[in-house]
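Before any comments, here is the structure.
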Amino acid sequence: MLKHISLSIAMALLGAGVQSQQAATLDWSACPNDKVGMTCADLQVPADWQKPDGRKITLKLGRLKATGTSSEGSVLVAYGGPGGPGIALTQTYADLWAKLRERMDVITWDTRGYGTQFSGLSTGLACTWTRIPLPDFPKDDADFGRLSDTNRGYAEVCRNKDPELFANMSSADHARDMEAIRKALGDGKLNFYGASYAGIYAQDYARLFPGQVRTMVLDGTISHSGTDWTTDMVNMAKDNETSFNRFFTWCAGAGKCRELSAQWRGLVAKADRSPVPAKSAGIAYTGGDLQSLAMGFAHQGPDSYPKLAEALRKAVRGDASGFVPARGSRYPDQSTGVTECTDWPRPAGRAELDKTIARLRKIAPNAGAANTLATGTLGCIGWPVSVTNPPAPLPKGLPPMLGAGAWRESDAVARILTQVPGSATIRHEGPGHTLFAFNECARTHMFRYLTDRTLPSSEAKC
């Protein structure tokens, strides 16, 4: 792995930078194009938290005020992405926050760097954000070098527009922005709801500012708090294998598609040797492509199983058209990893990558390494900014937290929260990504926790 800066030194230095900033005065007024009564304010923060007196950027904050006779404080919310526009999404979900707003303000913000192309109103990177086809695993050292050069080329186009902001886009930077927001609000310790990738912001905030945490909800996120990176990837692969096994169990029932369990691995191996054409789109998919695309079906649960079964049968016959997503045949792909590539360790060379991939394929013979960060970080090889914010364990002494998630995600969140005694996880026995937007039972538990710090049983079912 690349050498990283000392996390303890970085935490001390950057935490001190935040603490030295004076609390800001927020001037609230109607948000642009507001239709739900949301007000907005600008908060100036350092582009580089190591230089608190240097260049400033603007964070646009949004507020839905408490509807009761008085506010008991605020809950800061973020929806992940990274780059999900907090203001626009909170306006969309305004009705879902109504019960919480009887007692508390709902605060959100558009994260640094993700500007107009993401519907964000904070200072953005002047980049043309693109979706990049997920690369194949390098076959040799020369292939690894070519991948490194390709990725660096993608990154430099964006980096050259604003090198300073580009280099300060990690989840830890977002967490330091959260602390600046907390201080500007002036209403005590932080209450935070973080969905998907924003659950990583939460973990980083808990490491940097453990004494400022009151409540934290981690909804449908993954670990950025492991002690061993390979173990985290192994857990991802195991969770994906469980999703595949649910599909094959369904296939075995009533003889629906029993033969596919035996045919699947052979199809993947054959496609890795000679990609299977998708005749309707004029493209071809490797075995890794098929694993990733099939995973997308499997994660959606029983409603998608018949479509997955038919796609597999057709691919066995030599046509992978059933896997072509409606949004375009370039997929599977990934976004330009401006935040991700500073958060996740990347392989230093092909030998290290090969060792990891072999281990994951052995542990998850059906899913392989697909849809783990072993594939997700392929786009970070050769990145011009180092990994400034690697995973690290949570500190001791944090107050109990609340996790939430559907299949796979609840297991991942529960593993994070084993580090925080007294925490609980809401589990939805079914498919989905995050629970807040579609699960009223989960929202009820979340709101009770955020207001009164009352947790459900250690593993509540919703």
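The analysis underlying the following values was restricted to heavy atoms, covering all of them including side chains, and did not include hydrogens, waters or symmetry mates. If you're wondering where the values come from, they're calculated on a predicted model, not measured in any experiment.
- A salt bridge is absent between Asp149 and Arg152; no separation between the charged side-chain nitrogens and carboxylate oxygens falls under 4.0 Å.
- For residues 403-425, the set of pairs meeting the salt bridge (Lys or Arg N to Asp or Glu O under 4.0 Å) definition, not counting sequence neighbours, comprises Asp239-Arg415, Asp411-Arg427.
- The pair Arg448-Asp452 does not count as a salt bridge, with every side-chain nitrogen at least 4.0 angstrom from each carboxylate oxygen.
- Taking the centre of each ring, Phe436 and Tyr193 come in below the 6.0 Å mark.
- Ionic pairing of Glu241 and Lys238 is not present here: no N-O contact between side-chain nitrogen and carboxylate oxygen is shorter than 4.0 angstrom.
- With hydrogens and angles ignored, the 3.5 Å screen pairs a side-chain donor or acceptor of Thr221 with a backbone N or O of Ser196.
- No side-chain heavy atom of Thr116 sits less than 4.5 Å from a side-chain heavy atom of Ser119.
- Side-chain contact check for Pro390 versus Trp229: every heavy-atom pair is 4.5 Å or farther apart.
- Note: Glu340 CD to Asn389 CG = 12.0 Å, rounded to the nearest 0.5 Å.
- With rounding to the nearest 0.5 angstrom, the OG1 atom of Thr339 is 9.5 Å from the CD1 atom of Ile200.
- Screening residues 75-104 for disulfide bond (SG atoms under 2.5 Å apart) gives no qualifying pairs among residues at least two apart or on separate chains.
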inquiry  = Please determine whether salt bridge (charged side-chain N to carboxylate O under 4.0 Å, His left out) holds for the pair Arg182 and Glu179, giving the CA-CA distance in whole Å, both sets of side-chain angles, and the decisive distance to 0.1 Å.
reply    = CA-CA 5 Å; Arg182 183 197 69 81; Glu179 173 64 357; 2.8 Å; yes

request  = Go through Asp143 and Arg350 one step at a time and tell me if the salt bridge (charged side-chain N to carboxylate O under 4.0 Å, His left out) criterion holds.
outcome  = CA-CA 9 Å; Asp143 211 11; Arg350 184 183 60 85; over 6 Å; no

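- Under the side chain to side chain contact (heavy atoms under 4.5 Å, CB included) criterion, Ser71 pairs with Ala66, Asp105, sequence neighbours left out.
- The minimum heavy-atom distance linking Cys40 with Lys60 is given by the pair CB-CD, 4.0 Å.
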inquiry  = What verdict does the side-chain contact (heavy atoms from CB on, under 4.5 Å) test give for Phe137 and Ile357, after you've listed the backbone C-alpha separation in whole Å, the side-chain angles of each residue and the deciding distance to 0.1 Å?
reply    = CA-CA 9 Å; Phe137 292 117; Ile357 298 307; 3.3 Å; yes

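- Among residues at least two apart or in separate chains, there is no side-chain hydrogen bond (donor to acceptor under 3.5 Å, both in side chains) pair with a member in residues 437-447.
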ask   = Between Arg214 and Asp187, is a salt bridge (charged side-chain N to carboxylate O under 4.0 Å, His left out) present by the stated rule, with each step listed?
value = CA-CA 11 Å; Arg214 179 180 179 269; Asp187 61 356; over 6 Å; no

Under 3.5 Å, which donor-acceptor pairs do the side chains of residues 78-87 form with other protein atoms, sequence neighbours left out?
residue	atom	partner	partner atom	Å
Tyr79	OH	Thr90	OG1	2.9
Tyr79	OH	Trp97	NE1	3.2

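- Here the side chain of Lys56 pairs no donor or acceptor atom with the backbone of Val45 at under 3.5 angstrom.
- Applying the side chain to side chain contact (heavy atoms under 4.5 Å, CB included) rule to Ala94 yields the partners Val36, Leu64; only residues at least two apart in sequence or on another chain are considered.
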request  = Assess whether side-chain hydrogen bond (donor to acceptor under 3.5 Å, both in side chains) is satisfied between Arg246 and His299, documenting all intermediate values.
outcome  = CA-CA 9 Å; Arg246 286 193 183 99; His299 286 339; over 6 Å; no

request  = Check the pair Leu353 / Leu378 against side-chain contact (heavy atoms from CB on, under 4.5 Å), numbers first and verdict last.
outcome  = CA-CA 9 Å; Leu353 177 61; Leu378 287 175; 3.7 Å; yes

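- In this structure, Trp28 and Asp42 have side chains that are not in contact, with every pair of non-hydrogen atoms separated by 4.5 Å or more.
- Every pair passing ring pair (Phe, Tyr, Trp, His ring centres under 6.0 Å) that includes a residue from residues 370-419 is listed here, sequence neighbours excluded: Phe166-Trp383.
- Between Gln203 and Ile416, some side-chain heavy-atom pair lies under the 4.5 Å cut-off.
- Residues Ala406 and Gly432 share a closest heavy-atom pair of CB-O, 3.6 Å.
- Applying the salt bridge (Lys or Arg N to Asp or Glu O under 4.0 Å) test to residues at least two apart or on different chains, the pairs with a partner in residues 109-123 are Arg112-Asp177.
- A donor-acceptor contact shorter than 3.5 Å links the side chain of Trp264 to the backbone of Asn366.
- Using modelled atom types, one side-chain atom of Asn191 and one backbone atom of Ser74 make a donor-acceptor pair closer than 3.5 Å.
- Screening residues 408-462 for disulfide bond (SG atoms under 2.5 Å apart), with sequence neighbours left out, gives Cys441-Cys462.
- A ring-centre distance under 6.0 Å is found for His428 and Phe438.
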query = Passes side-chain contact (heavy atoms from CB on, under 4.5 Å), Asp343 versus Val387? Steps please.
reply = CA-CA 6 Å; Asp343 283 346; Val387 181; over 6 Å; no

request  = For Tyr205 and Ser171, run side-chain hydrogen bond (donor to acceptor under 3.5 Å, both in side chains): C-alpha distance rounded to whole Å, both residues' side-chain angles, the deciding distance at 0.1 Å, then the answer.
outcome  = CA-CA 9 Å; Tyr205 184 94; Ser171 291; over 6 Å; no

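- Applying the salt bridge (Lys or Arg N to Asp or Glu O under 4.0 Å) rule to pairs touching residues 73-99 yields Lys99-Glu102, sequence neighbours excluded.
- Scanning for ring pair (Phe, Tyr, Trp, His ring centres under 6.0 Å) contacts around Phe247 gives Tyr305, with sequence neighbours left out.
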task = Please report the C-alpha distance between Asp204 and Phe209 in whole Å, then the side-chain angles of each, then the deciding distance to 0.1 Å, and finally whether the side-chain contact (heavy atoms from CB on, under 4.5 Å) criterion is met.
result = CA-CA 8 Å; Asp204 288 347; Phe209 310 103; over 6 Å; no

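- Trp109 and Phe192 have tilted rings, their planes meeting at an angle from 30° to 60° on a 0 to 90° scale.
- The ring pair (Phe, Tyr, Trp, His ring centres under 6.0 Å) analysis of residues 167-190, with sequence neighbours excluded, yields the pairs His174-Tyr201.
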